[in-house]
Amino acid sequence: MTVGASRGAEAPPELVQLLTPEGERVEHPDYDIDLTPEEVRSLYRDLVLVRRVDLEAVALQRQGELGIWASLLGQEAAQIGSGRALTDTDMAFPTYREHGVAWCRGVDPVKLLGLFRGVNHGGWDPKEHNFHLYTIVIGSQTLHAVGYAMGIQRDDASAATIVYFGDGATSQGDVNESFIWASVFNAPIVFFCQNNQWAISEPLEKQTRIPLYRRASGFGFPGIRVDGNDVFACLAVTRKALEAARTGQGPTLIEAFTYRMGAHTTTDDPTRYRVASELEAWKLKDPIERVKAYLFKNEYAGQEFFDSVTAEAEQLGADLRTRCLALPDPQPLDIFDHVYSEPHALMDQERSQFAGYLEGFEK
Ligand SMILES: Cc1ncc(C[n+]2csc(CCOP(=O)(O)OP(=O)(O)O)c2C)c(N)n1
Ligand SMILES: [Mg+2]
């Protein structure tokens, strides 16, 4: 196999696609979706706005205002498509890159920035948004999510859980253990793997010899590969898998075949390990451009609409910057406040020790 063969711009045959990179609608026998022009415009707006949030965050990091940022560039369709498939009562467990899903769950983007600025330890209430906290420990959230899904099952609730992870995470023990638990307990969960072809500098070839979605069959549940740059297909495939979960049909693994167009995080330099032509090939499959082409071709939107979304995105970026810079610095003693939900003797002792230490400094 030549390097890059499995991650080139050619769509693999098993890929579910409903919108081509040129913006043409295609049919699929198992997955169809009927979207009104209004709904497509709304998806387009989501895609553009989350890309703008991401751009502003990268700029803020470069200017020293954030400690680090993990860009979602290129993965907008996978996140908006799957995120918009969720209902209010479904629960989502993200990694650290799911800013588009956070957007769909109604999390104010400035709360994401607070985490990466180091002024909070999470940023939002997972219960308020049905969106769990970001997880840095690769793959660990898949076990938390399966546990949550089994709870839903025991409550007899009609809801599903979705858990996000990357191609690299599929090599983690936790992820494989979570597949086993979900399978044997028929848990109401969707495993949403964004195969962005890279785990930092480690290419997909170092994670697997077979397409990732096929791993599911070894665990005893269905797996499907979707064009992760096609928001229609991601929406349709995720909707169906969530519905299967809600109706007692157990887990599904979705492999969203996409590409990380930016660096792994702002601490990374991808030019050291991947060739420029790979990125160029994927730029032609941009998730936003194809929706724009579709809207234009079908006369579902004109220049005025695109201009208004651009203006809204600029406003959002500027507003986000202002609010990020105004985030208050935390007080040193705040670190003890959220360790336990109830008062805790050891925390009280450590807090007063630390307060005493701080008192020792000249004011
Ligand atoms: C258990 C664990 N091991 C290693 C790391 C360091 N690490 C951070 S991100 C990453 C790569 C993850 O790649 P992938 O799962 O493909 O997700 P992506 O970042 O591409 O979205 C690694 C190894 C970690 N955070 N946790
Ligand atoms: Mg990856």
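Whatever order the structure lists them in is the order used to number ligands and atoms, beginning at 1.
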Leaving waters out, which protein N, O or S atoms fall under 2.8 Å from the Mg ion (ligand 2)? D167 OD1, N196 OD1, W198 O
Below 4.0 angstrom from a heavy atom of G168, which ligand 1 atoms are there? Numbered from 1 as shown, please. 14 (P), 15 (O), 16 (O)
Ligand 1 and Q75, any nitrogen or oxygen pair closer than 3.5 angstrom? no
If you count the atoms of ligand 1 from 1 in the order shown, which ones are under 4.0 Å from a heavy atom of A169? 15 (O)
Which one holds for Y164 and ligand 1: side chain close, backbone close, both close, or neither close, with close meaning a heavy atom under 4.0 Å? neither
D337 and R351 ion-paired at < 4.0 Å: yes
Take atom 6 (C) of ligand 1 and look for protein heavy atoms under 4.0 Å from it; say yes if you find one, no if not. no
Check ligand 1 against I136 and write out every atom of the ligand that is under 4.0 Å from a heavy-atom position of the residue. 24 (C), 25 (N), 26 (N)
Side chain, backbone, both or neither: which applies to R260 and ligand 1 if a contact is any heavy-atom pair less than 4.0 Å apart? neither
What about Y96: any of its N or O atoms under 3.5 Å from an N or O on ligand 1? yes
Do me a favour and list the nearest non-hydrogen protein atom to atom 21 (O) of ligand 1 with residue, atom name and distance? R97 NE, 3.1 Å
Flag the pair E22 and R290 as a salt bridge only when some basic side-chain nitrogen lies within less than 4.0 angstrom of an acidic carboxylate oxygen. no
Residue N196 vicinity, atoms of ligand 1 by number, heavy atom under 4.0 Å: 18 (P), 20 (O), 21 (O)
Mutual orientation of the aromatic rings belonging to F192 and Y164 [parallel < 30°, tilted 30-60°, perpendicular > 60°]: tilted
Can a salt bridge be assigned to the pair K240 and E243 using a cut-off of 4.0 Å between side-chain N and carboxylate O? no
Nearest non-hydrogen contact to atom 10 (C) of ligand 1 from the set T95, I200, D174, T135 belongs to I200
Run K285 and D230 through salt bridge (Lys or Arg N to Asp or Glu O under 4.0 Å) and show every step you take. CA-CA 9 Å; K285 301 173 27 145; D230 172 354; over 6 Å; no
Using 30° and 60° as the class limits, which term best fits the ring planes of F232 and Y294: parallel, tilted or perpendicular? perpendicular
Who pairs with D329 by side-chain contact (heavy atoms from CB on, under 4.5 Å), at least two apart in sequence or on another chain? V119
Under a plain distance cut-off of 3.5 Å, with no hydrogens placed, do E278 and W198 share a side-chain donor-acceptor pair? yes
Quick one about N196 and Q75 (side-chain donor to acceptor, distance below 3.5 Å, no hydrogens or angles considered), yes or no? yes
For the pair F221 and F179, name the ring-plane relationship: parallel under 30°, tilted 30 to 60°, perpendicular over 60°. perpendicular
Option with minimal heavy-atom separation from atom 4 (C) of ligand 1, where the choices are I138, T170, T258, N195: I138
For D90 and T87, test the side chains for any donor-to-acceptor distance below 3.5 angstrom and give the result as yes or no. yes
Please determine if E289 and K292 form a salt bridge, counting it only when a charged side-chain N lies under 4.0 Å from a carboxylate O. no
Under 4.0 Å between heavy atoms, the region of W198 that gets near ligand 1 turns out to be backbone
